[in-house]
Amino acid sequence: MTEHPAPSSLPVNPDVANLVKTSPLPPLRICSLQAIVNPHWKVLFDQFDPGNTGYISTGKFRSLLESHSSKLDPHKREVLLALADSQADGQIGYQDFVNLMSNKRSNSFRQAILQGNRRLCSKALLEEKGLNLSQRLIRHVAYETLPREIDRKWYYDSYTCCPPPWFMITVTLLEVAFFLYNGVSLGQFVLQVTHPRYLKNSLVYHPQLRAQAWRYLTYIFMHAGIEHLGLNVVLQLLVGVPLEMVHGATRIGLVYVAGVVAGSLAVSVADMTAPVVGSSGGVYALVSAHLANIVMNWSGMKCQFKLLRMAVALICMSMEFGRAVWLRFHPSAYPPCPHPSFVAHLGGVAVGITLGVVVLRNYEQRLQDQSLWWIFVAMYTVFVLFAVFWNIFAYTLLDLKLPPPP
């Protein structure tokens, strides 16, 4: 006999909760106010599953949906109908039922939705009229980031702007604040990195101070100049904020921070005498992941002028990378220490096309269920461990002559 997982700790999908509350159910014997809603899921399911098999008839499920269609958001109803239509054996499992109520979808659940959705002749989200400004913004973000219409509808119905995309906005504001502070204190805003006191800041990664572990992360708050900061801020806001609105601060923050750390570690391995400044490692991780996701789902991505916009993004990234390469090999204003390295950009790209792509391709799915996720996490972990040991031993073994500490 199949045991049902306990749903009491899962969040409630309000649309399904409304449906459940208005369904004809037997009296409930419950002991606390907190348990009022979630036990209805089990009771409702058991009403059509008297044998406790873990499955109910899709015919009864569809009848339930049709009789309560006015209580459901039309897009959520389409998802439910698509799920019912996808079951070739005429049954729907309890776990999929719970996944829907908790707004979380497993791989099998997504495949069932996609398969059933092919048999639906519903209107595309883009064709809907009479939307207000906030609804049009949410729809725009959905089409910018998600390749499947059913995912776009799901996001459109589920997004509440609570919490807002705070991570990218906070990081951007901190970067701007630190830049303005340094600009005032140094009396220089363009090519700040050429100022003789610039590298004395305790946030900059410097090879002589690599034992100070915080520098592998805090270097993002220091930029070479306003020309460096400007492009990074624009890309963070135009790409990072929409991605965070869809995938959440935890996932996008993970990709961003992983790109930042990979960038500084890559410099410590491949460009051992150079310092590092700027948030390009994190920015390039997000932008590379987004562009790779668009290419991999080209036919499904419905954002306007996607080819032109990809070309503009690549041109901007190339210009920024070219600026970093030029600055790295430009004669230093304070020899023998060279200008900041450009290798952090490449570390960010590597994170974006590995970990980042897996995150963006698995909207509303558990990453721990994806084999590729664990492969790339293992690769990233091996690289970090290698870089740590490299920083401990290689500098001494190679007898490398480092620039003096600032």
Side-chain angles (χ1 to χ4, degrees), residues 11-19 69-83 99-105 109-110 113-114 117 120 122-173 234-256 286-287 289-291 293-294 297-306 309-310 313 356 359-365:
V12 180
N13 183 321
D15 294 319
V16 181
N18 290 335
L19 183 152
S69 58
S70 61
K71 308 295 192 301
L72 284 171
D73 185 284
H75 296 150
K76 288 290 176 63
R77 179 174 172 274
E78 287 181 21
V79 173
L80 286 160
L81 290 172
L83 178 62
N99 287 341
L100 181 67
M101 291 183 175
S102 59
N103 274 347
K104 293 295 179 184
R105 293 172 286 172
F109 186 66
R110 161 173 279 186
I113 291 294
L114 293 176
N117 190 53
L120 297 179
S122 57
K123 182 171 63 174
L125 183 60
L126 195 60
E127 300 172 2
E128 295 198 2
K129 307 297 181 183
L131 304 182
N132 58 37
L133 181 60
S134 63
Q135 290 173 325
R136 289 199 299 269
L137 174 62
I138 296 170
R139 182 179 66 177
H140 173 75
V141 170
Y143 275 92
E144 288 291 310
T145 56
L146 296 171
R148 301 176 182 88
E149 183 67 19
I150 200 72
D151 284 340
R152 291 191 282 261
K153 291 181 177 181
W154 185 281
Y155 167 74
Y156 177 82
D157 292 324
S158 302
Y159 185 70
T160 61
C161 198
C162 184
W166 61 269
F167 177 80
M168 294 308 308
I169 293 175
T170 302
V171 169
T172 301
L173 291 176
V234 169
L235 290 175
Q236 280 182 181
L237 294 179
L238 292 183
V239 178
V241 170
L243 289 179
E244 185 178 346
M245 289 175 65
V246 173
H247 298 280
T250 301
R251 292 190 174 192
I252 296 305
L254 175 64
V255 175
Y256 186 86
L286 292 180
V287 176
H290 182 51
L291 294 181
N293 190 43
I294 292 176
N297 299 280
W298 187 260
S299 61
M301 298 298 291
K302 301 300 183 183
C303 48
Q304 293 182 323
F305 311 112
K306 56 185 174 183
R309 293 163 64 180
M310 276 195 65
V359 168
L360 300 192
R361 282 176 59 85
N362 289 281
Y363 167 67
E364 281 290 337
Q365 292 191 74

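The OH atom of Tyr156 lies 14.5 Å from the NE2 atom of His140; values are rounded to the nearest 0.5 Å. Rounding to the nearest 0.5 angstrom, the gap separating the CG atom in Leu291 from the CE atom in Met310 is 5.0 Å. Of the inter-residue distances, the one linking Leu286 atom CG with Leu238 atom CG reads 12.5 Å to the nearest 0.5 angstrom.
Closest approach of Val141 to Thr145, counting heavy atoms only: O-OG1, 2.8 Å. For the residue pair Arg139 and Leu131, the shortest heavy atom distance occurs at NH1-CD1, 3.5 Å. Here the closest non-hydrogen pair linking Ala249 and Glu244 is CB-OE2, 3.3 Å. Taking each heavy atom of Asn297 and Pro147 in turn, the nearest pair found is CB-CB, 3.5 Å.
Here the side chain of Lys306 pairs no donor or acceptor atom with the backbone of Ile294 at under 3.5 angstrom. Arg152 places a side-chain N or O within 3.5 Å of a backbone atom of Leu146 that can act as its donor or acceptor partner.
Applying the side chain to side chain contact (heavy atoms under 4.5 Å, CB included) criterion to Val239, with sequence neighbours excluded, gives Leu243, Val287, His290. Taking Arg309 as the reference, Glu144 meet the side-chain hydrogen bond (donor to acceptor under 3.5 Å, both in side chains) condition, with sequence neighbours excluded. Qualifying side-chain hydrogen bond (donor to acceptor under 3.5 Å, both in side chains) partners for Tyr143, counting only residues two or more places apart in sequence or in other chains: Glu149. In this view, Gln236 and Thr172, Glu175, Tyr256, Ser279 satisfy the side-chain hydrogen bond (donor to acceptor under 3.5 Å, both in side chains) rule, not counting sequence neighbours. Checked against side-chain hydrogen bond (donor to acceptor under 3.5 Å, both in side chains), Ser299 has no partners two or more places apart in sequence or in another chain.
Considering only heavy atoms from C-beta on, Asn132 comes within 4.5 Å of Gln135 through its side chain. Within the 4.5 Å cutoff, no side-chain heavy atoms of Val246 are placed close to those of Tyr159.
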Show which side-chain atoms of residues 161-170 pair as donor or acceptor with protein atoms under 3.5 Å away, not counting sequence neighbours.
{"residue": "Thr170", "atom": "OG1", "partner": "Trp166", "partner atom": "O", "Å": "2.6"}

